[in-house]
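Report on the following structure.
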Amino acid sequence: MSAVVTGWHVANRRRASLLALVAVALVASFAVDLATGPAMLSIRAVLLVLTGQSTDPMLMAIVQHLRLPIALMAVIVGATLGVTGMVMQTILNNPLASSYTLGISAGAGFGAALAIVLGASFGLSDDTAVPLAAFAFATLACGIVGGVGRLRGATPELLVLAGIACLFLFQALLSLLQFIASPESLQQIVFWLFGSLQRSTLGKTGVVAGVLVLVLPVLFADAWALTALQLGDERARALGVRVDRLRLRAFVVVSLLTGAAVAFVGTIGFVGLVAPHIARMLVGEDQRHAMPASALVGALLLSAASVASKAIVPGTIFPIGIVTALLGVPFFAWLVLRRGGTT
Amino acid sequence: MRLEASNVNVRYGSHDAVAQVNLVAEPGEILAILGPNGSGKSTLLRALAGVQRYAGTISWAGQQTDIGYMAQDIASRAVLTAFEVVLLGRMRSLGLRVAAEDLAAAEAAMTEIGVAEIAHRRIGTLSGGQRQLVFIAQVLAGNPRALLLDEPTSALDIAHQLSVLALLRTISRKRGLTTIAVLHDLNAAARFADRLALLRDGRLVGLGLPAEMLTAPHLAAVFDVDVAIDAGSDGHPVVLPLRAVGSDRFHSAGLH
């Protein structure tokens, strides 16, 4: 084998090693997330429950119905936000693009708030109505942005502008709902908007994981086309990529994925923005490596944030959206400054 | 791969960037498109490459996938190595697992152009000239039957300009490629191309052999410039620019 190709294989092995390290860190974070919480259980007690050697109903309830779903949801939602952030930034050629900045999360927030305010009148429990409405309005936001792209050409600038318009629209509608909501509803809306993993169940985690598993092959099938898109629309077209179709398809797919994730946990900013930047630093922008790297980094960030949310004030669990922003923004600023603004 | 273009028109708003262009290019032939700034050279090339909407007929005797197009803009923020960029030239056959054949073709193209030693450097860290060479290698890696090159040597030093154009000429001849290049350097075009197409205000105002096109009256009409034409030692015409003509040149071109 020649030197250039050998060098390429060596670089790929180095990338795989870096991904393995992130995966090890993720497993460690997941274990710590399981082992910590207000109940102050010992790691041994947690292990006994997980391996089926303990039948203590209280221990089983805490570990299997509280900690395990939350820890798993942190990993799955983090991975989802990581992948969607990477794809959004790629198709929109914009390092600031994420489902959060494109109004998809704002749509979900408005949907959730609407369900909280009106939910009772439809005879649905909050647990069902809120995720359903959040998902429906995230889809609507995605439909508005995607529809504009389909009508007027799916250029990155147009999609970003349509996304910003969507963001302001749903934020205004959300403010209106908050203005007219009862104090109890208002409290629930605000708590949902903070972003929280506390309502996670294994069933909900399974739904998000299922959507992620369904969507990943679609994104991976476009991995080389997405990589070519990094060179600009014209180059990608010259290489045979049907740019507008690719952009719309990827946008719709990742928007639905985001909708499924935020429907259950609320709006969690920062992860979808920063995970792709870290992934790019680790493995570059060959999307065959970049997408899984961004998923792993996103999962690690949210899992670590879940641990931190329990450690900031012992005995209390902070809403995770606040933690990701508080810890993430300075970290992101450091990353950007360290690289002289080119992440 | 034979090209036949007839009545090609490209409109930007109310302005015809390319107007009623008719062009034929044969396999193995090298055609250079020349013209002043804003004359529609790049727009015409993009239309021929199929990345620009146009009216009229452009017919290639082969697949669109056989065309290798190199854009003028060589800036890139992509976090990709030069080798990955060249590998993308094999887009149509790349799978999640990259075949040995694709890797070999990308390496061969880099070696041919002389950029194998920078294969694993990130594209954003390369000089403009190096990036230009990498993008030429990308186009060649796809084994095209037609080469469409937009100012392929604009960022290269004089030695690289000569060697790259000579190499492209050899490759075009050897593989029987139809090569169309937008060039600014009239003397390089005279040495590189079999025929020259002169464009002004989107219209084709001359098409023929270098010795027929590079004449003082033609160049005055197309470029608003007085030139002297000398006969080079190798038989190609050599253009010596003397002065720009027309006092409102800069104003009309918006360059003031």
Side-chain angles (χ1 to χ4, degrees), chain A residues 1-12 14-15 86 89-90 93-95 153 216-217 219-243 276-293 339 341-343, chain B residues 42 45-46 49-52 63-65 67-98 100 102-104 106-111 115-120 122-125 135 138-139 141-142 144 148 150:
Chain A
M1 200 180 292
S2 58
V4 172
V5 174
T6 306
W8 188 70
H9 285 303
V10 169
N12 281 343
R14 195 176 62 239
R15 287 168 174 159
M86 175 60 86
Q89 289 176 15
T90 301
N93 191 24
N94 188 329
L216 277 181
L219 294 174
F220 264 92
D222 283 328
W224 279 114
L226 289 167
T227 305
L229 206 54
Q230 321 274 337
L231 298 176
D233 283 15
E234 188 166 287
R235 279 187 199 290
R237 277 198 188 96
L239 291 168
V241 178
R242 302 175 91 163
V243 171
H277 287 268
I278 298 175
R280 263 184 226 112
M281 287 180 195
L282 291 174
V283 301
E285 276 182 317
D286 174 344
Q287 293 294 316
R288 297 171 310 138
H289 306 294
M291 280 193 284
R339 306 270 303 179
T342 55
T343 50
Chain B
S42 296
L45 199 72
R46 282 205 298 270
V51 296
Q52 166 75 54
Q63 306 282 323
Q64 185 77 22
T65 54
I67 299 171
Y69 166 65
M70 181 188 160
Q72 183 182 0
D73 178 20
I74 50 165
S76 180
R77 287 187 318 182
V79 190
L80 294 169
T81 65
F83 185 68
E84 286 164 343
V85 169
V86 176
L87 198 55
L88 283 170
R90 306 281 301 173
M91 238 336 256
R92 291 172 182 96
S93 58
L94 287 177
L96 281 181
R97 224 184 140 74
V98 181
D102 292 321
L103 293 171
E107 179 172 13
M110 293 195 90
T111 306
V115 286
E117 74 278 8
I118 55 169
H120 301 299
R122 287 199 170 165
I123 189 81
T125 67
F135 282 117
Q138 183 194 59
V139 171
L148 302 181
D150 197 348

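Each chain gets a letter, A, B and so on, in the order its sequence line appears, and its residues count up from 1. These values consider heavy atoms only, across backbone and side chains, with no hydrogens, waters or symmetry-generated copies.
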Non-neighbouring partners of Glu107(B) that pass salt bridge (Lys or Arg N to Asp or Glu O under 4.0 Å), sequence neighbours left out: none
Sequence-distant partners of Asp150(B), salt bridge (Lys or Arg N to Asp or Glu O under 4.0 Å), two or more places apart: none
Using heavy-atom distances under 4.5 Å, tell me whether [X] contacts chain A through its side chain, its backbone, both, or neither.
X: Leu148(B); value: neither
X: Ala119(B); value: side chain
X: Tyr69(B); value: both
X: Gln138(B); value: side chain

Partner of Phe83(B) under side chain to side chain contact (heavy atoms under 4.5 Å, CB included), chosen from Leu103(B), Val115(B), Leu88(B): Leu103(B)
Need one label for [X]: side chain, backbone, both or neither, based on atoms under 4.5 Å from any heavy atom in chain B.
X: Asp233(A); answer: neither
X: Ala236(A); answer: neither
X: Val241(A); answer: side chain

Heavy-atom pair with the smallest gap, counting every atom of Pro276(A) and Gln89(A): CB-OE1, 3.4 Å
Selection from Ala223(A), Gly7(A), Gly240(A) maximising heavy-atom pairs under 4.5 Å formed with chain B: Gly7(A)
Chain A interface, residue from Ile123(B), Leu96(B), Val139(B) that has the most non-hydrogen pairs under 4.5 Å: Leu96(B)
Check: Gln287(A) side chain, Thr227(A) main-chain N or O, donor-acceptor pair, under 3.5 Å: no
Cationic N near anionic O, under 4.0 Å, Arg90(B) to Glu84(B): no
Atom pair CZ/CZ of Arg288(A) and Phe220(A) - distance to nearest 0.5 Å: 9.5 Å
